[in-house]
Visitor: 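Below is a structure I'd like to ask you about.
Every value quoted in this text rests on a predicted model; they were computed, and no experiment measured them.
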Amino acid sequence: MRPFAFARPGSVAEAVREVAAEPTAVFLGGGTNLVDHLKLGVARPDLVVDVRTLTSRAVTDTDDGGLLVGAAVTNSELAADRRVCERWPALAQSLLAGATGQLRNLATVGGNPLQRTRCVYFQDVTTPCNKREPGSGCSAIGGYTRYHAVLGASEQCIAIHPSDMAVALTALDAVVHAEGPDGGRTIPFGELHRLPGDDPTRDTVLEHGELITAIELPALPMARRSTYRKVRDRASYAFALVSVAAALDLADDGTVRDARIALGGVAHRPWRATRAEEVLRGQRPTDDVARAAAEAELADASPQPGIDGGNAFKVPLVTRTLAATLRILTGREG
């Protein structure tokens with residue numbers, strides 16, 4: 001591990017100033033991802049700024065019926081919140097699907113969406129990786145691709161975003177509150193993460209020195225009928241091969257008035273499935289309609305070949321997972 005300076009400022013504003021002034025500085029929240037990368041040599045900051053006690057650890061009701069979740073709230077605390085379980089069940093389920101109980105007790109709401117890809121080549125400093133070292137190449141292309149992208153990838157990077165919670169927040173129209181050197185701003189959660197393009201080093205639209213201070217869950221009545229389904233290689237402590245977060249607003253005749261769908265395990269960012277949503281509207285969410293919705297969303301999919309057999313299996317897996325998710329939401333599957 002490379003030596004670094006450590007700071008524990010007394011306010012969010014001071015923390016923001018310290019990180020903004022040092023090009024390699026990073027914020028430290030729960031540390032469940034950053035500490036691993038410090039040990040591996042993936043992260044090599046000159047300054048680590050502890051913000052764990054600076055942001056709120058409260059979950060408060062908003063005037064419009066939503067919730068404002070402080071960035072220091074842990075994943076375990078949010079998953080156990082009765083309001084979340086009742087009004088945004090997909091979020092609670094996504095939190096419980098991630099990591100282990102011990103990690104969820106440390107991981108924070110502000111840090112979880114900012115965790116970095118678990119691409120094995122990104123985490124191995126002996127291999128070329130454009131995300132870690134721009135211009136060095138992408139070792140994943142043609143390599144081990146089982147956990148890599150089928151949507152939105154580029155010649156520079158085919159990694160995926162690993163967060164379960166971020167997939168649910170994308171589907172639920174959450175809003176990020178951030179504080180930076182130029183003041184505060186809000187960002188629709190679906191616009192927080194970037195596709196790799198020509199610069200895979202940047203995972204999000206946050207500027208250097210910007211700190212997430214809270215995440216807002218807007219009032220969304222259909223979120224009461226929401227769920228999160230995760231398909232993975234083992235039942236615990238594994239990242240998603242494919243996941244689906246979905247919410248439905250159903251008419252009395254069973255047709256879909258509105259829908260929110262996001263996919264995980266398929267792209268560099270949580271993937272809002274707007275094409276699939278459009279197909280579902282006005283239809284009964286049968287398996288055939290689910291297949292049509294998935295096919296529309298995956299029309300531009302580009303599965304990756306690889307030494308492990310590649311990841312073309314993700315395309316039919318998304319279709320089956322979406323169909324199963326809709327069956328759960330319509331009471332056709334327990």
Side-chain angles (χ1 to χ4, degrees), residues 1-57 69-75 103 106-119 121-125 129-136 156-157 159 161-163 165-166 176-187 189 191-215 268-269:
M1 183 187 297
R2 177 184 177 185
F4 55 83
F6 183 80
R8 186 171 286 154
S11 68
V12 167
E14 185 182 349
V16 166
R17 286 195 300 271
E18 291 199 24
V19 170
E22 171 52 60
T24 67
V26 294
F27 294 115
L28 172 68
T32 56
N33 189 209
L34 176 60
V35 172
D36 284 344
H37 285 171
L38 290 171
K39 293 177 180 178
L40 292 169
V42 173
R44 298 171 59 83
D46 291 312
L47 173 65
V48 173
V49 177
D50 185 358
V51 297
R52 181 59 182 263
T53 61
L54 301 183
T55 55
S56 173
R57 200 166 177 172
V69 184
V73 173
T74 68
N75 289 9
L103 289 172
L106 279 176
T108 63
V109 167
N112 182 291
L114 304 182
Q115 61 183 292
R116 313 229 44 201
T117 181
R118 292 321 199 274
C119 173
Y121 301 104
F122 173 70
Q123 297 190 105
D124 181 355
V125 296
C129 171
N130 288 322
K131 181 178 284 295
R132 182 171 22 82
E133 187 177 347
S136 63
Q156 300 298 314
C157 181
H161 193 272
S163 170
M165 181 181 77
V176 174
H177 292 242
E179 188 74 23
D182 298 324
R185 64 166 171 157
T186 58
I187 306 165
F189 196 90
E191 298 175 14
L192 175 65
H193 298 91
R194 298 176 65 256
L195 293 178
D198 292 330
D199 183 13
T201 62
R202 293 189 62 202
D203 295 339
T204 73
V205 298
L206 294 174
E207 299 296 335
H208 182 67
E210 274 194 293
L211 175 67
I212 292 178
T213 56
I215 292 179
H268 193 260
R269 68 184 184 200

Visitor: Are there more than 12 heavy atoms of other residues, nucleotides or ligands under 6.0 Å from atom CZ of Arg8?
Guide: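 Counting neighbours around CZ of Arg8, 12 or fewer heavy atoms of other residues, nucleotides or ligands fall under 6.0 Å, so no.
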Visitor: Does any part of the side chain of Val42, heavy atoms only, come nearer than 4.5 Å to the side chain of Val125, both counted from C-beta?
Guide: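 Yes, at least one pair of side-chain atoms sits under 4.5 Å.
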Visitor: Given the rule in the side-chain contact (heavy atoms from CB on, under 4.5 Å) test, do Asn130 and Cys157 qualify, once you have shown the distances and angles that lead to the verdict?
Guide: CA-CA 7 Å; Asn130 288 322; Cys157 181; 5.5 Å; no
Visitor: Any salt bridge (charged side-chain N to carboxylate O under 4.0 Å, His left out) pairs touching residues 20-46, not counting sequence neighbours?
Guide: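 Every salt bridge (charged side-chain N to carboxylate O under 4.0 Å, His left out) pair that includes a residue of residues 20-46, provided the two are not neighbours, is Arg2-Asp46.
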Visitor: Under the side-chain contact (heavy atoms from CB on, under 4.5 Å) rule, what do Asp182 and Glu210 come out as? Steps first, then yes or no, please.
Guide: CA-CA 9 Å; Asp182 298 324; Glu210 274 194 293; over 6 Å; no
Visitor: Among Glu191, His193, Arg194, exactly one meets side chain to side chain contact (heavy atoms under 4.5 Å, CB included) together with Val205. Which residue is that?
Guide: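 Output: one option passes, namely Arg194.
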Visitor: Answer yes or no: is there a side-chain heavy-atom contact under 4.5 Å between Ser56 and Thr213?
Guide: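 Side-chain contact under 4.5 Å: no.
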Visitor: Applying the side chain to side chain contact (heavy atoms under 4.5 Å, CB included) criterion to Glu179, which one of Val12, Thr55, Leu54 satisfies it?
Guide: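 So, applying the side chain to side chain contact (heavy atoms under 4.5 Å, CB included) to Glu179 and each of Val12, Thr55, Leu54, only Val12 qualifies.
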Visitor: Could you please spell out the steps behind the side-chain contact (heavy atoms from CB on, under 4.5 Å) verdict for Leu192 and Leu206?
Guide: CA-CA 7 Å; Leu192 175 65; Leu206 294 174; 4.0 Å; yes
Visitor: Can you spot which of Thr201, Asp199, Thr117, Asp203 makes a side chain to side chain donor-acceptor pair (under 3.5 Å) with Lys131?
Guide: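 Between Lys131 and the candidates, side chain to side chain donor-acceptor pair (under 3.5 Å) is satisfied uniquely by Asp203.
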Visitor: For residues 7-48, which residue pairs pass the ring pair (Phe, Tyr, Trp, His ring centres under 6.0 Å) check, not counting sequence neighbours?
Guide: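 The answer is His37-Phe122.
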Visitor: I need the minimum non-hydrogen distance between Arg52 and Ala72, along with the two atoms involved.
Guide: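 Taking Arg52 first and Ala72 second, the nearest heavy atoms are O-CB, 3.5 Å.
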